[in-house]
Amino acid sequence: RERRSVKTEKIVVLLGDSVIDNGEYVRPGELDVAQQLQMRLPDHTVVKRAVDGATCADVLRWQTDDLRDADSIVLSAGGNDALQHLDLLDVSVATTPKDVLVRLWSIREEFRRGYVALLDSLALTRRPVLSLTVYNPCFDGHGFDAAYQQAAESGLSIINDVIQQEARRRAFDILELRTLFDDRADYANPIEPSAIGGAKLAKCVSDWVGSAARRD
């Protein structure tokens with residue numbers, strides 16, 4: 001009788017953007033997030049589907065096919081959706097505070113629709129999911145004034161509000177990157193993680209994979 005192969009290794013699938021797919025931004029010889037995570041999880045197979053520049057729609061369209069073999073899923077999405085509205089920081093046309101708030105509301109709800117569709121597709125897998133928030137940029141030392149940094153952080157808060165709300169509604173776990181990336185050394189440039197930041201992220205994800213396995 002033919003024996004069926006039995007999967008013995010656990011599979012961790014990484015979905016999303018350059019928060020995970022940061023190989024282009026680390027220094028030569030340094031490891032990206034997926035490679036650092038694989039080193040921390042030698043008994044697992046880490047599958048990186050994340051692609052630099054991906055939005056929520058991109059992740060849903062290109063990265064979520066056939067997740068049946070995944071034992072746990074990590075999702076980093078939202079940063080590139082926010083970057084599509086970067087012009088808001090440079091608007092020179094006079095607007096009222098009400099106009100700005102209404103636009104922010106529209107941005108938030110547009111993002112919510114895309115993020116909800118993505119999370120709902122992951123919920124169908126019935127696998128543990130870790131949703132990453134979007135970390136604040138690090139414009140310090142890159143020719144931007146403090147007001148630019150403050151405005152960027154304020155704008156990102158509406159994206160992270162959606163991530164927190166919608167992930168919790170589906171009982172997904174959440175990793176708050178705004179508190180994890182708290183040093184300039186965590187950044188390779190204003191918006192990409194360095195190998196140092198990647199190491200911090202890999203540690204948190206590996207800890208979560210272990211805790212998710214124990215809950216099973």
Over all atoms of both residues, closest heavy-atom pair of R184 and C138: CG-SG, 3.7 Å

Could you measure the distance from the CZ atom of R108 to the OG atom of S157? Nearest 0.5 Å is fine. 10.0 Å

Look at R113 together with E109 and state whether they make a salt bridge at an N to O cut-off of under 4.0 Å. no

For E110, enumerate each residue passing the salt bridge (Lys or Arg N to Asp or Glu O under 4.0 Å) test, keeping only those at least two apart in sequence or located in another chain. none

Taking Y135 as the starting point, is it possible to reach I196 by hopping between hydrophobic residues whose side chains are less than 4.5 Å apart? no

Distance only, no hydrogens: is a donor on one side chain within 3.5 Å (strictly under) of an acceptor on the other, for Q164 and R168? yes

Is any side-chain heavy atom of D32 closer than 4.5 Å to a side-chain heavy atom of Q35? yes

Does N80 have any side-chain contact (heavy atoms from CB on, under 4.5 Å) partners at least two apart in sequence or in another chain, and if so, which? D17, T55, L83

Would you mind reporting whether I191 and S18 have side-chain heavy atoms less than 4.5 Å apart? no

Using the rule that Ile, Leu, Val, Met, Phe, Trp and Tyr join whenever any side-chain heavy atoms are under 4.5 Å apart, tell me whether V13 and Y115 fall into a single cluster. yes

Closest non-hydrogen contact found for A195 with E30 is CB-OE1, 3.4 Å

Ignoring hydrogens and geometry, is there a side-chain-to-backbone donor-acceptor pair from E153 to Q150 under 3.5 Å? no

To the closest 0.5 Å, what do you measure between CD (Q38) and OG1 (T45)? 6.0 Å

Nearest heavy atoms of V134 and A77, plus distance in Å: CG2-O, 4.2 Å

Hey, is R49 close enough to D65 for a salt bridge, meaning N to O under 4.0 Å? no

CG of L75 to CD1 of I163: how many Å apart, nearest 0.5 Å? 8.0 Å

Any donor-acceptor pair under 3.5 Å from S106 side chain to V102 backbone: yes

R215 atom CZ, over 12 foreign heavy atoms within 6.0 Å: yes

Apply side-chain contact (heavy atoms from CB on, under 4.5 Å) to the pair D71 and H44, showing each step before the final yes or no. CA-CA 10 Å; D71 293 286; H44 292 66; over 6 Å; no

Closest heavy-atom pair, V26 versus S194, reported as atoms and distance to 0.1 Å, is CG1-C, 4.0 Å

Determine yes or no for a side-chain-to-main-chain donor-acceptor pair under 3.5 angstrom, with E176 supplying the side chain and T133 the backbone. no

Verify, without hydrogens or angle tests, whether D173 (side chain) and P128 (backbone) share a donor-acceptor contact under 3.5 angstrom. no

Please say which of L15, V46, L201, L132 ends up in a side chain to side chain contact (heavy atoms under 4.5 Å, CB included) with V74. L132

Salt bridge or not for D207 and K203, using N-O below 4.0 Å? yes

May I ask you to check whether D52 and Y25 show a side-chain donor-acceptor distance below 3.5 Å? yes

Find out if a path of hydrophobic residues (ILVMFWY) with successive side-chain heavy-atom gaps under 4.5 Å connects I174 to V209. no

Any heavy-atom pair between the side chains of L67 and L124 that's under 4.5 Å? no

Under 3.5 Å: donor-acceptor pair, side chain of R170, backbone of E166: yes

Give the intermediate values and the outcome of side-chain contact (heavy atoms from CB on, under 4.5 Å) for residues F172 and L119. CA-CA 9 Å; F172 291 172; L119 293 193; 3.9 Å; yes

Minimum heavy-atom distance D21-A50, with the two atoms named: CB-O, 3.5 Å

Can you check whether E192's main-chain N or O pairs, donor with acceptor, with N22's side chain at less than 3.5 Å? no

Side-chain (K48) to main-chain (I20) donor-acceptor, under 3.5 angstrom: no

Q63 versus V51: any side-chain heavy-atom pair under 4.5 Å? yes

Is there a continuous path of hydrophobic side-chain contacts, each under 4.5 Å between heavy atoms, that joins L175 to L37? yes

What is the minimum heavy-atom distance between P137 and Q149, and which atoms define it? O-NE2, 2.7 Å

Would you please test W208 and S72 for side-chain contact (heavy atoms from CB on, under 4.5 Å) and show each step? CA-CA 10 Å; W208 172 77; S72 54; 3.7 Å; yes

Shared ILVMFWY cluster between V59 and L122, side chains joined below 4.5 angstrom? yes

Rounded to the nearest 0.5 Å, how far does SG of C56 lie from CD1 of I159? 8.0 Å

Would you say the side-chain atoms of R127 pair up with the backbone N or O of A70, donor to acceptor, closer than 3.5 Å? yes

The reported gap from CD in Q165 to CZ in R112 (rounded to nearest 0.5 angstrom) is 4.5 Å

Audit row: I158, V162, side-chain contact (heavy atoms from CB on, under 4.5 Å) steps and yes/no: CA-CA 7 Å; I158 68 168; V162 171; over 6 Å; no

Please report the interatomic distance OG(S121) to CZ(R61), rounded to the nearest 0.5 Å. 12.5 Å

